[in-house]
Number of protein chains: 8
Amino acid sequence: MKQVEVGIIMGSSSDAPIMRQAIEVLEKFGIGYEFNVVSAHRSPQRMFDYAATAEERGLKIIIAGAGGAAHLPGMVAAITTLPVVGVPIKSSNSLDGWDSLLSIVQMPGDIPVATVGVNGARNAGLLAVQMLGISNSELRQKLAAMKKENNDKVAKQNETLDRS
Amino acid sequence: MKQVEVGIIMGSSSDAPIMRQAIEVLEKFGIGYEFNVVSAHRSPQRMFDYAATAEERGLKIIIAGAGGAAHLPGMVAAITTLPVVGVPIKSSNSLDGWDSLLSIVQMPGDIPVATVGVNGARNAGLLAVQMLGISNSELRQKLAAMKKENNDKVAKQNETLDRS
Amino acid sequence: MKQVEVGIIMGSSSDAPIMRQAIEVLEKFGIGYEFNVVSAHRSPQRMFDYAATAEERGLKIIIAGAGGAAHLPGMVAAITTLPVVGVPIKSSNSLDGWDSLLSIVQMPGDIPVATVGVNGARNAGLLAVQMLGISNSELRQKLAAMKKENNDKVAKQNETLDRS
Amino acid sequence: MKQVEVGIIMGSSSDAPIMRQAIEVLEKFGIGYEFNVVSAHRSPQRMFDYAATAEERGLKIIIAGAGGAAHLPGMVAAITTLPVVGVPIKSSNSLDGWDSLLSIVQMPGDIPVATVGVNGARNAGLLAVQMLGISNSELRQKLAAMKKENNDKVAKQNETLDRS
Amino acid sequence: MKQVEVGIIMGSSSDAPIMRQAIEVLEKFGIGYEFNVVSAHRSPQRMFDYAATAEERGLKIIIAGAGGAAHLPGMVAAITTLPVVGVPIKSSNSLDGWDSLLSIVQMPGDIPVATVGVNGARNAGLLAVQMLGISNSELRQKLAAMKKENNDKVAKQNETLDRS
Amino acid sequence: MKQVEVGIIMGSSSDAPIMRQAIEVLEKFGIGYEFNVVSAHRSPQRMFDYAATAEERGLKIIIAGAGGAAHLPGMVAAITTLPVVGVPIKSSNSLDGWDSLLSIVQMPGDIPVATVGVNGARNAGLLAVQMLGISNSELRQKLAAMKKENNDKVAKQNETLDRS
Amino acid sequence: MKQVEVGIIMGSSSDAPIMRQAIEVLEKFGIGYEFNVVSAHRSPQRMFDYAATAEERGLKIIIAGAGGAAHLPGMVAAITTLPVVGVPIKSSNSLDGWDSLLSIVQMPGDIPVATVGVNGARNAGLLAVQMLGISNSELRQKLAAMKKENNDKVAKQNETLDRS
Amino acid sequence: MKQVEVGIIMGSSSDAPIMRQAIEVLEKFGIGYEFNVVSAHRSPQRMFDYAATAEERGLKIIIAGAGGAAHLPGMVAAITTLPVVGVPIKSSNSLDGWDSLLSIVQMPGDIPVATVGVNGARNAGLLAVQMLGISNSELRQKLAAMKKENNDKVAKQNETLDRS
């Protein structure tokens, strides 16, 4: 069984469809993960404990998604020293994603959150892979292969593009 | 010595010039307060403890000011059952106050923050007075007197207005 | 019959589906309320009278919802000394809620409106409960119980989360 | 002495430097006006009375300027049947004028406010002149003369433009 | 047959469903109008001629609606001395109405456009009625009656409001 | 004497400091230009004539700068078939440039304006050079040389960068 | 067979429905074009090569469309000296087009992108025609004819407008 | 001499005062870095080469800052498989930082940029440290010590806070 290296958390189970896009990436790259609902607002102690024990439980990176006044990524980053990737989610109570984005990216000095685009959980997963790849050349090779695949897909799209 | 009923906290001492405007109001109405730096991001445990013990320490209302990705008011509201008044601050790292405002006001269901305007600490103080006034007719009378004063000032402004 | 402590008003009956979320909360906490259409723009005298007599009629808190150029919460706050909770509504004539939010939250000094998130009537109801809880320990215990329930729901969501 | 036809009001005497630009225009066109501080928030009864008696006092148009959550123009328009011209002011507590603009222009159906640009009091004065010009051909001729002057100034600017 | 006093124009026939709301108001108040497509961008000479001859053709007010980079109201105002009411339209190529609103309201000094809310053609019609009412007490009485009707409707809404 | 190929116009002489940046570029590339104040709002007939005669007077490109509700570029584009480059200017009456930008770039179908960044007159000049370069290989070579110079400047900046 | 003068590129084949509107224009004016997917992000070398060889392959203008953080137009403009027309696309990952627009239009000095409105590919095609028309009087005549057609359509719309 | 693990690049030497804040952090943590001007727009080949050779030159992370239409972080991320941290800079040509932020954070799928707040270079440096800390427990201990220091500073601020 794979060691869990990435913790994926979200403020509500309604964020799961977006956040699963991070899982898809991690599975593709063979990286162990755990997936949980950890709400900064509804379960602050759970959030606190999750962040405080993350490193000792072996996590290396935390991916946190939230919408509206999205405090989860920043609060987790306040507690752990692990890198935290923030995913702003355009949730039902969000002002078209602007609140989620600004609540996550505009962190004060000394408490960074590595923020991706609105609903960008797939990219959050890839950032985690890239971070793990710093000391794992195999992952870097897989990332390079994915880049090549994407590049080839562009060529494919051109072959089949309707130009009539 | 007055009983401390309102806790005023802010994310950084650089927010003090704004937050003191809440103090001015509380002093005018003779309400006991305490004033502290409690950063959600730099001192999360202090924030946690502050919020968790607020009620038992006799606080009745918490006023919290923060700028940028402003998580302090919402996180305190997540932990305490006391009413929390949030003051968005246009701090040096803020995007003209938009991030502070949205990070504070757009809270998810069940975790309200009573948000005032950007840099509106004076109004935060008054909201606290109004809340205490619910069960204190003397405060309500003082509030009514202040309303009357403000109304009279408008009359005064008209007397001295340069219409030439 | 319960004493009416909270007045819920809205600019139009079309705002009722949102504003009823405040009622649900008040009923859950056993708090007496009244529910009315009071338009600042279409019925200014009614608005004026409503606000001016609120305290003497025994109201303790007013919750006011409105959309677009939303003047109801601020105007009521200008007239009464009771705390006013403002609910910005994303109505049909609103610019995605931005106008409603700014019209309500950006009040000038001395006239606070306790603003919640866009369409956040549920939180407005809870703010009212919290304010009443300042002098009512039973309400505070119920609020604490609700926090615990919400926390437990997060645990439940984790038990049933599809991690496959 | 000239009959007062235009009432100019503003939420605070601090708005006077902007609002005087409307006066300049009215004086240039020989139109009688009155100039007052009438705050919707600090002096709601005065605002109410001002608007309710405007027509019977002989006013034909009201120009109202306000900043932040700017309710004065819309509230006056709710009470009087006279045309109301609204001037959004970028005041000290305004979010760069966005709140003032949206609070004034986004009025609900049946309560129009003729809104000009941010700080556009000069144009508010001109709108009043144009409205009075509907039944006053002399004013229309003066307006046409002003248009011609402005056009001539463009020619002048071209004569003196530094093209080196 | 009624004399045509108000010219309603729009940049495209696709704006007609919105602009007809101005017609409804004018018909209700018995005011003669004309209704035309006059595009500043596709038919600039027609726009020019329309504006330049408006006064001599007996028009007293022009209502102009447009979306996106909405130049029609401002260009007409540049040419005629009649009051121009601008209606920002949330058209298919508009950025949620923001471009339409700013293109119309933010006019430079000396060229006012009386701007109403996004898609606010009904209010544009009412503004025209109010302007004509300046020298027509019958119209003012009808406007007062409409205000009373609207006020009564609020009372009616309260009678039928579902409070269960 | 050089043939005038590019007409540079602006809504007001106060825009000249920005618009002269386009002149600098044209002079550097040896392209003849003319420079005038042509206000769509204050001198609509002059604007109309300028645009209508531009092609027959030998102009090949028009660069138009304006601020606030900026109609000049779009109106000129409505009248001429020449390419029009629009420069949004952050003028004194502009909402931080947002109104200028949206008023210029969001043109309806069939009336393009080639928009550059806010205050981007230098780039407007370069666009004109690029357009003339389509049928002028010498200009293209000069453009390539400028690109090389800019690239070399980056190398220079690296040589002198303070890395201590 | 027509010489290819305009290169149309887009970041993804999902942008094709929008970008084909540029093709329609070019075909109407009888201008040769090529149409390809060239992603700055997924196929940077292809983008680089496309831009670097564009001039030698006989292209005269490049039209580039992209959404979200839209780097394609600006990067192509960084590499080629040909004029580049940028089309901001409101794609699925875009914040209502704001990110696409700002990423394309706000280019730094010396690297212009001729930006059209959001989803304005039709206007991008017309800009290309206008640029080619600088040295092609036949194209200019066709553009004038199109302007006349559009003007006539306005007349037609007026003939059939439902004024009842 | 320390091995260079982090490459810090910026679009212009005018961004250096901001970007040096990343250097301060790296020096504090004893991490080798290089610091260069690499403009995506003025030196695209240099940017390309920098990104393409970064991994083989031993870099582990790239920090890239840019303003306005900020393409540098995203383009570097398109070319390398290393993690890229993006710093939106509020430069002279930026629309208050909004363009910089959106151009960097809203990247399409598969090309992540770890974005920090506007002008947040200090946090970019810390993110790099956190990423290196994944496989370096000494760095993690230093990060924990810095957290503790920051926490202690809050206590210090409280000791010296002027509460009079």
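Proteins get letters first, then strands, A, B, ... in listed order; numbering begins at 1 in each.
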**Q** Please flag which part of L101(F) lies under 4.5 Å from any non-hydrogen atom of chain E: side chain, backbone, both or neither.
**A** neither
**Q** Applying side-chain contact (heavy atoms from CB on, under 4.5 Å), name anything that partners A128(F), two or more places apart in sequence or on another chain.
**A** V6(F), L26(F), I61(F), I63(F)
**Q** So, for A78(F) and P44(E), which heavy atoms are closest and what is the spacing to 0.1 Å?
**A** O-CG, 3.7 Å
**Q** Of the listed residues (P108(E), A40(E), A69(E), G74(E)), which shares the most heavy-atom pairs with chain F below a 4.5 Å separation?
**A** A69(E)
**Q** Sort A51(F) into side chain, backbone, both or neither according to what part of it lies under 4.5 angstrom from a heavy atom of chain E.
**A** neither
**Q** Scan chain F against chain E and return every donor-acceptor pair whose distance is under 3.5 Å.
**A**
residue, atom, partner, partner atom, Å
A69(F), N, Q106(E), O, 3.0
H71(F), NE2, S103(E), O, 2.9
N93(F), O, Q106(E), NE2, 3.2
D99(F), OD2, Q106(E), NE2, 3.0
S103(F), O, H71(E), NE2, 2.9
S103(F), OG, S103(E), OG, 3.3
Q106(F), O, A69(E), N, 3.0
Q106(F), NE2, N93(E), O, 3.2
Q106(F), NE2, D99(E), OD2, 3.0

